[in-house]
Amino acid sequence: MAEIADFMTAEHRRCDELFAEAEAAVAAADWEAAEERFEEFADLTLRHLEREERVLFPEFEARTGMSDGPTVVMRREHDQMRALLASMREALARRDDDGFLGDAETFMILTQQHDMKEEQVLYPMSDEALGAEAPTVLGRMREL
Amino acid sequence: MIPGADRLRFDRMPPVRVPMRAFLAAPFLGAAGGVLLAGTGPTGRFAAGLIGALHLVTLGFLTLVMVGAFFQVLPVVTGVPVPGARVLGPAIETGVGLGALAVGFGLAMGARSLLGVGVVVLAVAVAGFSVVGLVATWRARRNPTGRAMGLAVASLVVVAALGLLLLAGHAGWVPLRRDLTDVHLAWALAGWVASLVMGVSFQVIPMFQVTPAYPRWAEVLPLVVVGGLVVWTAGRTAGTSGIAVVGGGVVAVGLTAYAVATLVLLARRRRKLADVTTDAWRVSMASLAAVGIVGLLALGGLDGHGGERATLGLGVVAVFGFAVTVVEGMLYKIVPFLSWLHLQNLVTEHGLAGRVRIRNLRRLLPAGGARRQFRVHLLALGIVLVAAVAGGPWVRFAGVALAVDFALLGWELAAAVRRAAEDRAVVAAAVAGINPPPGS
């Protein structure tokens with residue numbers, strides 16, 4: 001009954017772990033490892049956002065009739081995350097640890113308060129609203 | 001629409017000024033407590049200056065921040081907004097702040113009319129908060145954080161009822177019941193403060209620190225601790241010391257277990273960067289574990305007769321080591337983040353993303369400033385502890401240390417908000433650039 005919540009929550013945690021590795025590599029000024037870890041982290045994060053924006057949110061909006069509320073806030077925060085990821089990538093290219101770590105801290109807090117809203121409310125409600133169709137929708141999300 | 005969907009309105013978050021004004025004012029009320037302690041140099045646990053200064057810290061700093069955070073955190077974590085946050089929030093915060101000042105100075109200076117005004121203002125503010133807080137947490141009861149926050153608000157009702165009875169005694173309206181002081185204190189620290197901290201930590205520790213989740217048994221600890229408080233209170237009231245010892249033991253074990261579980265999680269954190277907030281959690285949890293263990297030993301009669309000095313020392317570790325430290329640590333994060341999010345939303349709203357750059361969190365509140373303030377806090381904690389045990393001139397010195405600790409915190413937070421205001425002016429100029437006023 002919690003297919004979407006379980007999968008997406010686990011993916012949040014995986015993103016967090018990759019984030020922590022990239023952050024640690026920058027703090028240690030190991031720039032090559034940092035770039036590798038950062039790209040791995042950014043790649044999974046962006047794919048996760050796509051899963052939501054292209055599949056989950058449209059389904060959620062269609063089932064609940066809420067197209068002007070929570071998903072608007074979620075999409076806006078996604079855009080803010082993308083902007084921070086771009087800024088972190090630029091800082092990495094400049095080898096600017098202070099700039100990277102400042103953006104990383106900002107990204108972390110923005111993302112965690114965002115994830116709480118999804119994990120505690122939006123995902124469980126999506127599973128509930130989708131009912132028996134949740135596995136099919138999750139399958140479509142995983143294809144991205 | 002599916003059931004409960006009406007609650008899910010993240011666009012109905014309280015305006016940023018609701019929690020922010022509480023966060024910015026609170027450190028200066030705490031500093032006023034330090035000034036009061038330095039000015040009166042009280043001796044003894046029941047000295048008026050000490051009770052007054054303590055309440056500026058517990059009401060003016062701790063409770064004011066906790067109330068402000070409650071309005072902000074509950075909707076984020078549970079999707080349930082606090083009813084009336086927009087209008088009642090500022091009114092409740094103003095009431096708690098002014099009430100704390102009137103009660104603190106009224107008690108310390110023996111000014112009965114000031115104390116009377118404070119009692120009434122605080123009673124109204126806390127009653128208002130309790131009603132909206134209980135309604136909101138009842139709606140959020142399916143969430144472990146929502147449940148813990150509900151227990152915290154319920155405990156606050158007990159703290160406030162006993163506090164008002166005691167204050168009425170100080171104001172000379174009813175006989176002063178000194179025997180209720182410990183009950184008031186226990187519900188304040190183990191009920192109101194600890195339940196709220198536990199509830200918030202279940203979310204923020206695993207997520208912000210990148211640690212494993214709290215074990216399932218830890219999520220029931222707020223209920224265990226508050227249940228223990230009920231048993232302890234019933235045992236004391238009935239004069240049945242056996243029952244009181246059992247209840248007190250449950251409270252002490254519950255708090256210690258929670259503190260140790262948190263320290264274990266922090267030791268397994270995946271983020272490796274040194275961070276003041278993380279260090280604040282460590283100091284706070286170590287203090288809580290110490291209070292729990294010493295409390296348990298005292299219950300068992302193993303150290304038993306340390307007397308008033310030992311009680312004061314334990315109180316210092318509970319209030320300043322556990323509660324004040326963790327609240328200061330959280331403020332370092334939440335104040336710059338709320339400033340940043342507010343600005344970032346303005347930028348997005350006006351389609352200025354990529355065209356206007358605003359400062360990130362580290363530039364809003366540089367880590368060096370927070371680290372310096374944290375060191376001052378640890379020093380102040382040490383001095384206050386010495387003052388509790390040694391007394392004498394140390395008490396006034398402790399007051400000065402506390403005033404510096406809180407004022408420096410307030411200064412750092414205000415500087416972050418001032419930097420955000422500079423960026424806001426840049427955003428406003430850019431908005432005016434795209435939408436030039438008619439005729440220009």
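Here is the naming used below: chain letters follow the sequence lines, and residue numbers restart at 1 for every chain. Since we're looking at a predicted model, the values are computed, not measured.
Options B:V73, B:T145, B:N345, B:V77 differ in how many heavy-atom pairs under 4.5 Å they form with chain A, and the most are formed by B:N345. Per-residue heavy-atom pair counts under 4.5 Å with chain A were compared for B:R357, B:R359, B:Q203, B:K272, and the maximum is reached by B:Q203. Most heavy-atom pairs under 4.5 Å with chain B: of the set A:L101, A:D115, A:D79, this distinction falls to A:L101.
Counting only heavy atoms from C-beta outward, the side chains of A:E105 and B:N360 never approach each other to under 4.5 Å. Looking at A:M108 and B:V210, their side chains come closer than 4.5 Å, going by heavy atoms from C-beta outward. Taking 4.5 Å as the limit, every side-chain heavy atom of B:M207 sits out of range of all side-chain heavy atoms of A:T111.
With respect to the salt-bridge test (charged N to carboxylate O, under 4.0 angstrom), the residues B:R271 and A:D16 do not qualify.
By the 6.0 Å contact criterion, CZ on A:R142 is open, its count of non-hydrogen atoms from other residues, nucleotides or ligands being 12 or less. With a 6.0 Å radius and a threshold of 12 heavy atoms from other residues, nucleotides or ligands, A:R94 has its CZ atom above the threshold. Counting non-hydrogen atoms of other residues, nucleotides and ligands closer than 6.0 Å to CH2 of B:W138 gives a total of 12 or fewer. Taking a 6.0 Å sphere around CZ of B:R371, one finds it holds more than 12 heavy atoms contributed by other residues, nucleotides or ligands. Counted within 6.0 Å of CD on B:E422, heavy atoms from surrounding residues, nucleotides or ligands total more than 12; the atom is thus considered enclosed.
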Could you go through the side-chain contact (heavy atoms from CB on, under 4.5 Å) check for A:D98 and B:R363 one step at a time? CA-CA 9 Å; A:D98 203 43; B:R363 301 226 153 91; 3.7 Å; yes

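A distance of 10.5 Å separates CD in B:Q344 from CD in A:E77, rounded to the nearest 0.5 Å. Between the CZ atom in A:R76 and the OG1 atom in B:T348 there is a gap of 6.5 Å [rounded to 0.5 Å]. Rounding to the nearest 0.5 Å gives a distance of 10.0 Å between CD of A:Q112 and CD of B:Q209. Annotation: the span from A:I109 atom CD1 to B:L341 atom CG amounts to 11.0 Å, rounded to 0.5 Å. Note that CZ of A:R13 and OG1 of B:T211 are 9.0 Å apart. Values are rounded to the nearest 0.5 Å.
In this structure, chain B has no heavy atom under 4.5 Å from any part of A:F107. Interface remark: B:F208 contributes backbone and side-chain atoms alike to the contact with chain A (heavy atom separation under 4.5 Å). A:L84 touches chain B through its side chain: at least one heavy atom from C-beta onward sits under 4.5 Å away, while N, CA, C and O do not.
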